[in-house]
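Structure, as structure tokens:
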Amino acid sequence: MTRKIADCRRYPSETHCTLTIAGEEDEVVRAASEHAASVHGHEDGPALREQVRGMLEDEKVSV
């Protein structure tokens, strides 16, 4: 199974956040949404979680 990543560095913010979250899709959506609410002031809910899900990328594995 391909792990997913959410990388705050791809989305400029006032806090210049550098957090990257990696794991199974549902885990990353939950953690990234909670982070977006607690650190960036977004309202956590179904709309945010769907937006986060749409922004996830596959983790690139280097060999």
Side-chain angles (χ1 to χ4, degrees):
M1 180 163 94
T2 303
R3 288 169 29 116
K4 298 292 186 176
I5 64 167
D7 188 345
C8 272
R9 295 174 298 177
R10 297 196 182 275
Y11 307 98
S13 68
E14 293 176 5
T15 61
H16 305 288
C17 187
T18 63
L19 182 69
T20 299
I21 301 168
E24 293 183 11
E25 184 170 333
D26 288 341
E27 294 173 320
V28 175
V29 168
R30 182 177 57 250
S33 297
E34 291 170 359
H35 169 76
S38 66
V39 174
H40 299 290
H42 296 283
E43 184 176 333
D44 191 2
L48 176 63
R49 290 178 183 239
E50 283 308 307
Q51 183 179 11
V52 167
R53 190 177 303 278
M55 296 172 7
L56 296 181
E57 300 174 13
D58 289 343
E59 183 179 50
K60 292 172 182 47
V61 178
S62 53
V63 228

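Under a 4.0 Å N-O distance rule, the pair Asp26/Lys4 does not qualify as a salt bridge.
Taking hydrophobic clusters as Ile, Leu, Val, Met, Phe, Trp and Tyr residues chained together by side-chain heavy-atom distances below 4.5 Å, Leu19 shares a cluster with Val52. By the rule that hydrophobic residues join a cluster once side-chain heavy atoms approach within less than 4.5 Å of another member, Met55 and Val28 end up as members of separate clusters.
Nearest approach of Leu48 to Ser33, heavy atoms of both residues: CD2-O, 3.8 Å.
Interatomic distance, SG of Cys8 versus CD1 of Ile21, reported as 6.5 Å (0.5 Å rounding). Between the CD atom of Glu59 and the OG1 atom of Thr2 there is a distance of 9.0 Å, given to the nearest 0.5 Å. Interatomic distance, CD1 of Ile5 versus CD of Glu25, reported as 13.0 Å (0.5 Å rounding).
With sequence neighbours excluded, no residue satisfies salt bridge (Lys or Arg N to Asp or Glu O under 4.0 Å) with Glu34. When the salt bridge (Lys or Arg N to Asp or Glu O under 4.0 Å) test is applied to Arg30, no partner is found at least two apart in sequence or on another chain. His40 is linked by a ring pair (Phe, Tyr, Trp, His ring centres under 6.0 Å) to His35, counting only residues two or more places apart in sequence or in another chain.
Looking at Glu24, Gln51, Arg53 one by one, the single match for side chain to side chain contact (heavy atoms under 4.5 Å, CB included) with Val29 turns out to be Arg53.
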